[in-house]
*Asks:* 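I'd like to ask some things about the structure below.
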Protein chains: 2
Amino acid sequence: MSNLHASIEFKVPEPTLRRLPWYLAYAQLVLKDGEVYLSSTQIAKNIAVDASMVAKDLSYVNIAGKTRVGYDVKELVDILEAFLGFTNSHRAFLFGVGNLGGALLHDNGLEQFGLEIAAGFDVKYELSGTSINRIPIHHIDRFTELQKQTGINIGILTVPVDKAQMVSEIMIAGGIQAIWNFTPFRIRVPENVIVQNTSIYAHLAVMFNRLSVIKECENCKKNKTRI
Amino acid sequence: MSNLHASIEFKVPEPTLRRLPWYLAYAQLVLKDGEVYLSSTQIAKNIAVDASMVAKDLSYVNIAGKTRVGYDVKELVDILEAFLGFTNSHRAFLFGVGNLGGALLHDNGLEQFGLEIAAGFDVKYELSGTSINRIPIHHIDRFTELQKQTGINIGILTVPVDKAQMVSEIMIAGGIQAIWNFTPFRIRVPENVIVQNTSIYAHLAVMFNRLSVIKECENCKKNKTRI
């Protein structure tokens with residue numbers, strides 16, 4: 001989010017916004033189990049994070065806990081869902097109906113988190129007029145027209161790496177204000193455009209590396225201590 | 001990655017491992033354009049990160065640049081791909097063939113990054129014997145048997161939040177050593193199990209929040225400065 005206008009102040013830090021959904025997920029679980037109250041200490045203990053961090057993160061959310069018992073679980077779930085924007089419906093366009101783009105169109109789970117993909121765009125003419133999971137696919141040439149009709153300002157970027165910069169420029173020129181970038185390419189955007197990078201493949205690199213280190217370690221430690 | 005055995009030292013920091021794929025993506029692009037050399041300064045400038053960070057990150061990779069001209073692009077691409085584990089084939093099982101799980105099974109892009117999903121598991125009996133994108137789906141009861149046959153030690157976790165802990169325990173008991181956790185639930189695992197959390201929905205929360213702040217800011221600044 002470094003590419004944002006310096007004059008805009010974001011009250012809630014990005015790490016907090018990324019952690020709040022963990023607390024929400026745990027609170028939903030506790031609610032399902034029929035519990036009435038939940039303390040930040042309990043949350044911290046159960047999801048293995050620091051209790052003071054949970055309390056600090058929750059201080060950004062307008063919810064008051066009761067001394068000794070903690071938060072009303074139902075209230076906590078409702079307030080967190082609303083705070084995180086999961087209860088509002090945000091409509092988005094998806095750009096690049098390839099492997100990952102097509103996969104995201106299949107993911108109905110996004111709607112539970114407030115994101116509805118209204119349409120997909122691609123340069124391939126043979127995809128125009130088709131649909132995936134009942135979401136229509138159009139040729140990218142129709143984007144500006146459909147953006148004007150709908151006012152949609154969120155764009156999901158799932159094009160190949162070598163098209164990422166060019167397509168993001170088309171998106172911005174056509175009215176997209178927030179880009180959810182799934183490509184491993186670091187797009188350059190004007191200061192007033194929001195970019196959220198979600199490069200799932202980069203996470204794979206971390207996992208592969210850790211796994212190979214663990215394996216080496218197991219070999220070197222064989223017959224000594226088991227890890 | 002905090003849940004790893006304290007005695008294991010990871011030479012390459014996680015942030016570096018997450019950034020190297022950005023450099024790889026850019027190098028692939030430059031290679032496609034027919035360039036022969038690429039410097040860390042050039043990478044830094046084009047993907048808007050700090051040049052000294054690029055140089056530091058690349059120092060973990062065994063590649064030598066030439067003074068003034070930089071790295072041989074082809075060599076950089078090959079070495080980075082191998083270093084990140086994208087050229088090896090890693091086989092994985094997927095647990096939870098719901099919305100996101102089904103979507104990931106559709107994503108052939110994973111194979112380009114070295115991950116092949118060998119099978120999906122679910123508790124729903126009606127899914128057993130079916131397949132998605134030619135990947136077979138089995139009942140979870142068959143996991144231990146198939147793990148023994150294949151030795152697969154990577155598991156992708158895409159079950160509902162309230163099943164995340166229980167299913168991760170089944171995975172670990174059956175031989176999974178690395179869990180790619182797509183749920184927003186923070187699973188608790190033994191120290192020798194690797195967890196990589198990729199909660200794509202948490203990224204949505206950041207994007208929604210930033211977008212609403214920008215909107216407020218636009219309203220308050222209207223007729224003053226355009227952001």
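What's counted below: heavy atoms across the whole structure, side chains too, no hydrogens, waters or symmetry copies. Residue numbering restarts at 1 for every chain, and letters A, B, ... go by the order of the sequence lines.
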*Asks:* Could you pull out all residues at least two apart from B:His106 that satisfy side-chain hydrogen bond (donor to acceptor under 3.5 Å, both in side chains)?
*Replies:* none
*Asks:* For A:Leu100, is it the side chain, the backbone, both, or neither that has a heavy atom closer than 4.5 Å to a heavy atom of chain B?
*Replies:* both
*Asks:* Looking at B:Ala178 and A:Met207, what are the two nearest heavy atoms and their distance?
*Replies:* CB-CG, 3.9 Å
*Asks:* Looking at chain A, which one of B:Leu105, B:Asn153, B:Leu104 has the largest number of heavy-atom pairs inside 4.5 Å, strictly under?
*Replies:* B:Asn153
*Asks:* Measuring from atom CD1 of B:Ile200 to atom CD of A:Gln196, what distance do you get when rounded to the nearest 0.5 angstrom?
*Replies:* 11.5 Å
*Asks:* So which of A:Val49, A:Asp33, A:Asn46 has the biggest tally of heavy-atom pairs under 4.5 Å with chain B?
*Replies:* A:Asn46
*Asks:* Would you compute the distance between atom CG of A:Asn197 and atom CH2 of B:Trp22 and round it to the nearest 0.5 angstrom?
*Replies:* 6.5 Å
*Asks:* Check step by step if side chain to side chain contact (heavy atoms under 4.5 Å, CB included) holds for A:His90 and B:Leu204.
*Replies:* CA-CA 10 Å; A:His90 303 80; B:Leu204 267 181; over 6 Å; no
*Asks:* Would you mind checking which part of A:Asn133 comes under 4.5 Å of any heavy atom in chain B, side chain (CB onward), backbone (N, CA, C, O), both or neither?
*Replies:* neither
*Asks:* Checking an interface table here. Which of residues 159-170 of chain B come within a heavy-atom distance under 4.5 Å of chain A?
*Replies:* B:Val161, B:Asp162
*Asks:* Between B:Gly85, B:Gly102, B:Gly109, B:Gly98, which residue shows the highest count of heavy-atom pairs closer than 4.5 Å to chain A?
*Replies:* B:Gly109
*Asks:* Is there a side chain to side chain contact (heavy atoms under 4.5 Å, CB included) between A:Ile47 and B:Ile187? Walk through the geometry before answering.
*Replies:* CA-CA 7 Å; A:Ile47 65 172; B:Ile187 50 172; over 6 Å; no
*Asks:* I need the minimum non-hydrogen distance between B:Tyr201 and A:Asp107, along with the two atoms involved.
*Replies:* OH-OD2, 2.8 Å
*Asks:* Kindly assign one of parallel, tilted or perpendicular to the pair A:Phe185 and B:Tyr26, based on the angle between their ring planes and the thresholds 30° and 60°.
*Replies:* tilted
*Asks:* Find the one option among A:Ser212, A:Ser199, A:Pro184 whose heavy-atom pairs under 4.5 Å with chain B are most numerous.
*Replies:* A:Pro184
*Asks:* Is it the backbone or the side chain of A:Pro15 that comes under 4.5 Å from a heavy atom of chain B, or both, or neither?
*Replies:* neither
*Asks:* Going by the rule salt bridge (charged side-chain N to carboxylate O under 4.0 Å, His left out), which residues pair with A:Lys124 if we only count those two or more places apart in sequence or in a different chain?
*Replies:* none
*Asks:* Non-hydrogen atoms of chain B under 4.5 Å away: do they reach the side chain of A:Ile154, the backbone, both or neither?
*Replies:* side chain
*Asks:* Name the member of B:Thr16, B:Asn108, B:Asn88, B:Thr183 that forms the most heavy-atom pairs with chain A at distances under 4.5 Å.
*Replies:* B:Asn108
*Asks:* Report the distance from atom CG of B:Leu20 to atom CG of A:Asn209, rounding to the nearest 0.5 Å.
*Replies:* 9.5 Å
*Asks:* Using modelled atom types only, decide if a donor and an acceptor are shared between the side chain of B:Arg188 and the backbone of A:Ala48 within a distance under 3.5 Å.
*Replies:* no
*Asks:* Give me the atom names and distance for the closest heavy-atom approach of A:Ala205 to B:Pro21.
*Replies:* CB-CG, 4.3 Å
*Asks:* Suppose a student defines contact as a heavy atom less than 4.5 Å from any heavy atom of chain A. Which residues in residues 112-119 of chain B would they list?
*Replies:* B:Gln112, B:Phe113, B:Gly114, B:Leu115
*Asks:* To the nearest 0.5 Å, how far apart are CG in A:Leu211 and CD1 in B:Ile194?
*Replies:* 4.5 Å
*Asks:* Where on A:His203 is there a heavy atom nearer than 4.5 Å to chain B: the side chain, the backbone, both, or neither?
*Replies:* both
